[in-house]
Engineer: 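Got a structure for you, written out below as structure tokens; questions coming shortly.
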Amino acid sequence: MTNYTNFKIETDADGIALITWDMPEKSMNVFTQEVMEELNAIVDQTTADTAVKGVVFTSGKSSFSGGADLSMIKSMFTFQQEEKKKDPDNAAQKLFDLVGRMTGLFRKLETSGKPWVSAINGTCMGGAFELSLACHGRVASNSKSVKIALPEVKVGIFPGAGGTQRVPRLTNAQDALQMMTTGSSLTAVRAKALGLVHEVVDADKLVDAAKAMIKNGLKPVQPWDEKGYKAPGGGIWTPASAQLWPAASGILRRETYGNYPGAIAILKCVYEGLQVPFDTALKIEQRYFTEILQTTEAFSMIRSLFVSMQELGKGARRPAGVPKSEFKHVGVVGAGFMGASIAYVTAAAGIAVTLIDRDMEAAEKGKAHSEGLVKDSVGKGRLTKEEGEALLSRITPSADYNDLKSAGLVVEAVFEDRQVKKDVIEKVEAVIGEDTIFASNTSTLPITGLAKNSKRPGQFIGIHFFSPVEKMMLTEVILGKESGDRALATALDYVAAIKKTPIVVNDTRGFYVNRCVFRYIHEAYDMLIEGVPPAMIENAAKMAGMPVGPLSLNDEVAIDLSQKILKATVADLGEKAVDPKHLALINKLVDELDRRGRKNGKGFYEYPAKPAKKYLWPELKTLYPQKNADTIDVEVLKQRFLATIALEAARTMEEGIVTDPREADVGSILGFGFAPYTGGTLSYIDGMGVKAFVTMCEKLAKDYGDHFKPTALLKEMAERGETFYGRFDPYGEKKQAA
Ligand code: NAD
């Protein structure tokens, strides 16, 4: 047999070829051009070889495969852009042919006349599951690490290598749609219950079970290639379908407001595909896939949520030449709301934590937070009892700073008070080693100022977490004026160790995320004051793609915190720095009405006892004369929310606070859920074109205030026809990205 770089083939005495996918120098198998070519050759070879009776396909890694590789996805976009320039008339046809290659390869395997069985030993995502679906048999290991998913919709596309056709031919249309439009993952057992895998066995029996399927006479013909095949549930023209389909498009609209072309295409592929023979159905899928790949949404989402997120996660901003830090011991000072959670995520990453507070009782209370989380996870089967115990044993509560001696990194999360922080910095620095890095989790105090209390400002940095720390994937790493390369590298290594995505931001009031978030909330204040009905404000924001309405978000953040920040801004920058109408609104809510947000059960919303749901505070409507909703253009409300945030992001680039457009984009989606279909704040601007954005902002400025005025940089970029990704090219090349 020929030798392959990415695959090993061993044929046993029964004539069953075991193909093991094991890419050299990669921790996970992914589809690359080379993998596709080799797989194609393997299909030809095993089909032609009469000694081969059947094929078992598995992975040599701990996971099966993560699906398509970055380089492959990127190449589709470059191809498309280049072809559009070279040969615009035929560009779409060429893209269509390109996207059909994987479909064609899987179909060839499926109709090769030899039985193929996929032996799924771990995570099996995207294209890898589509390959498995083309196999005649699928056996999965019952290990916890098996996660089966078609997650493409999360990056703006959809399963385009037969997934939308094979899944609804194996399971009912409702479950198929659910799986593909949410991109959620299935356990092996759930996949079997849905009919998507045939057998679930112990990990060490996987290959034997797969081989046994072949020996027991597995037919090398898919159900849909048999005469008289009918889709589960009877296809489209049944009473059940008449119930499903109108609801399905309604539900999708409710969840996505029509903002995700990739998700809509899934419905179309399944609905249209189930009405025609299989090969025609594959063509339908191929056409929609070609169309979706050309959308701004797919381009921007893949760039931010796939490419950039991976690059930032792998340390794109990490200074070269600093050795990687291994964390054996991390100190957390302040065991309150944030510190307790920081200790948990650190211990969950296998790192020993000393959790310090003013006294032992407070430190232990901080650890109790982790005990609660562990109990919950063990109860839900996410952790074994032993794993839970090991995690907790890594957290040592203490009131003695001497216990921080051996820590390589100390994260401070005490009260947001300069004096308290100064004391803590001094106490910590009195005991820690020469090389230890000190990180503050402050949310409002500039790092450069705090570092003035440090003897080693070069080793002082900000690591700004978001609440709830356990769930939020983003952290902002804040560089003070004197923060050195080793501090940055250590902070980034730590963020990677706790499996979060970092963005690196220069020191400024509110850093990046909170600056943007408060623009969002302030726009809602403006709307309230204008008399826009509160429900319309919340709904317009969600229609624009924001996960949480601005009033609801302000309740979560706490309205008295907004008041504190507004007052601090006035104190530091003068009266003109805030809108007096905003301050009046917030002072009334907090000081007169004691409406502080969710924390005291009274904010923009009312919070009745569970299980009742929160609802907008009815009296809110009485604070300002209400406009007639029919006279308000909801499209303009949507624009205002996205534009005010995007403008703030553009300002942070102009001021040099954020320096890499990938960070502005990824930070906006992971930090506050900025309309993910746009690819983030700067992709939103680039996607419509800076010129169109400037024109839109000028109009908004005329109607709604100077805060919409485009900045000098934006105007210059509009004039020159530049994009953020071109002007601030993260790859250091001068050429325009798109
Ligand atoms: P918190 O009040 O819940 O916790 C602060 C803890 O620090 C308390 O347990 C307190 O006992 C302890 N503490 C105070 N003085 C101390 C001292 N001298 N030595 C040791 N411990 C001391 O506050 P929090 O919400 O956890 O905020 C902590 C920090 O995190 C603040 O700087 C805040 O700005 C920042 N932050 C908060 C959020 C958030 O959503 N709450 C988000 C990001 C950052």
Side-chain angles (χ1 to χ4, degrees), residues 331-346 353-370 395-404 407 410-432 438-447 449-451 453 460-478 491 495 500 502-503 505 509-518 521 548 553-562 564-565 568 596-599 667 670-672:
V332 177
V333 185
F337 179 66
M338 294 300 282
S341 292
I342 296 169
Y344 175 82
V345 297
T346 309
V353 186
T354 300
L355 180 59
I356 301 246
D357 209 297
R358 289 176 290 188
D359 51 48
M360 200 55 191
E361 197 188 333
E364 273 168 356
K365 191 166 161 235
K367 180 168 176 175
H369 172 71
S370 292
I395 305 178
T396 312
S398 166
D400 182 358
Y401 282 78
N402 281 311
D403 292 345
L404 296 174
V410 174
V411 182
E412 167 278 304
V414 297
F415 295 143
E416 189 75 338
D417 178 297
R418 282 198 177 89
Q419 189 56 43
V420 176
K421 296 218 190 262
K422 178 173 186 286
D423 285 352
V424 167
I425 294 165
E426 286 166 2
K427 277 191 191 150
V428 171
E429 286 192 352
V431 297
I432 53 176
F438 187 103
S440 173
N441 177 45
T442 176
S443 36
T444 55
L445 305 171
I447 294 298
L450 285 178
N453 303 307
F460 196 101
I461 198 160
I463 301 184
H464 183 215
F465 287 87
F466 295 91
S467 131
V469 176
E470 293 81 11
K471 288 215 179 104
M472 296 292 287
M473 284 164 69
L474 186 75
T475 52
E476 278 178 304
V477 172
I478 320 290
V495 172
K500 304 213 180 275
I503 61 170
V505 178
R509 176 181 294 272
F511 310 131
Y512 170 67
V513 168
N514 284 345
R515 267 180 70 160
C516 293
V517 166
F518 280 103
I521 290 175
V548 182
L553 182 64
N554 202 172
D555 271 3
E556 297 299 326
V557 173
I559 304 178
D560 54 345
L561 181 68
S562 292
K564 250 193 189 162
I565 294 172
R596 289 164 196 271
R598 181 192 273 281
K599 67 180 186 186
L670 297 188
F672 53 98

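We count ligands from 1, going down the list as the structure has it; atoms in each ligand are counted the same way. Values below: every heavy atom of this structure, side chains too, minus hydrogens, waters and symmetry copies.
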Engineer: Decide yes or no on side chain to side chain contact (heavy atoms under 4.5 Å, CB included) for Thr442 and Lys421, but give the supporting numbers first.
Structural biologist: CA-CA 9 Å; Thr442 176; Lys421 296 218 190 262; 4.0 Å; yes

Engineer: Can you say whether the rings of Phe672 and Tyr512 are parallel (under 30°), tilted (30 to 60°) or perpendicular (over 60°)?
Structural biologist: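 Tilted.
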
Engineer: Side-chain donor-acceptor pair under 3.5 Å between Ser341 and His369, yes or no?
Structural biologist: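 Distance-only check passes for Ser341 and His369.
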
Engineer: Take atom NZ of Lys564 as the centre, draw a 6.0 Å sphere, and report whether it contains more than 12 heavy atoms from other residues, nucleotides or ligands.
Structural biologist: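 For Lys564, atom NZ is not crowded (no more than 12 foreign heavy atoms under 6.0 Å).
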
Engineer: Does CD in Glu416 sit with more than 12 non-hydrogen atoms of other residues, nucleotides or ligands closer than 6.0 Å?
Structural biologist: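 Enclosed.
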
Engineer: Let me see the working for Ser562 and Asn554 under side chain to side chain contact (heavy atoms under 4.5 Å, CB included), right down to the final yes or no.
Structural biologist: CA-CA 8 Å; Ser562 292; Asn554 202 172; 2.9 Å; yes

Engineer: Dump all N/O pairs between ligand 1 and the protein below 3.5 Å as a table: atom names plus distance, one pair per row.
Structural biologist:
{"unit_1": "ligand 1", "atom_1": "3 (O)", "unit_2": "Phe337", "atom_2": "N", "d": "2.9"}
{"unit_1": "ligand 1", "atom_1": "9 (O)", "unit_2": "Gly336", "atom_2": "N", "d": "3.3"}
{"unit_1": "ligand 1", "atom_1": "9 (O)", "unit_2": "Asp357", "atom_2": "OD2", "d": "2.7"}
{"unit_1": "ligand 1", "atom_1": "11 (O)", "unit_2": "Asp357", "atom_2": "OD1", "d": "2.6"}
{"unit_1": "ligand 1", "atom_1": "11 (O)", "unit_2": "Asp357", "atom_2": "OD2", "d": "3.4"}
{"unit_1": "ligand 1", "atom_1": "11 (O)", "unit_2": "Arg358", "atom_2": "NE", "d": "3.3"}
{"unit_1": "ligand 1", "atom_1": "11 (O)", "unit_2": "Arg358", "atom_2": "NH2", "d": "3.1"}
{"unit_1": "ligand 1", "atom_1": "19 (N)", "unit_2": "Tyr401", "atom_2": "OH", "d": "3.1"}
{"unit_1": "ligand 1", "atom_1": "21 (N)", "unit_2": "Asp357", "atom_2": "OD1", "d": "3.4"}
{"unit_1": "ligand 1", "atom_1": "26 (O)", "unit_2": "Phe337", "atom_2": "N", "d": "3.4"}
{"unit_1": "ligand 1", "atom_1": "26 (O)", "unit_2": "Met338", "atom_2": "N", "d": "2.8"}
{"unit_1": "ligand 1", "atom_1": "30 (O)", "unit_2": "Asn441", "atom_2": "ND2", "d": "3.0"}
{"unit_1": "ligand 1", "atom_1": "32 (O)", "unit_2": "Val414", "atom_2": "O", "d": "3.3"}
{"unit_1": "ligand 1", "atom_1": "32 (O)", "unit_2": "Glu416", "atom_2": "OE1", "d": "2.5"}
{"unit_1": "ligand 1", "atom_1": "32 (O)", "unit_2": "Lys421", "atom_2": "NZ", "d": "2.6"}
{"unit_1": "ligand 1", "atom_1": "34 (O)", "unit_2": "Glu416", "atom_2": "OE1", "d": "2.8"}
{"unit_1": "ligand 1", "atom_1": "34 (O)", "unit_2": "Glu416", "atom_2": "OE2", "d": "3.4"}
{"unit_1": "ligand 1", "atom_1": "34 (O)", "unit_2": "Ser443", "atom_2": "N", "d": "3.4"}
{"unit_1": "ligand 1", "atom_1": "34 (O)", "unit_2": "Ser443", "atom_2": "OG", "d": "2.7"}

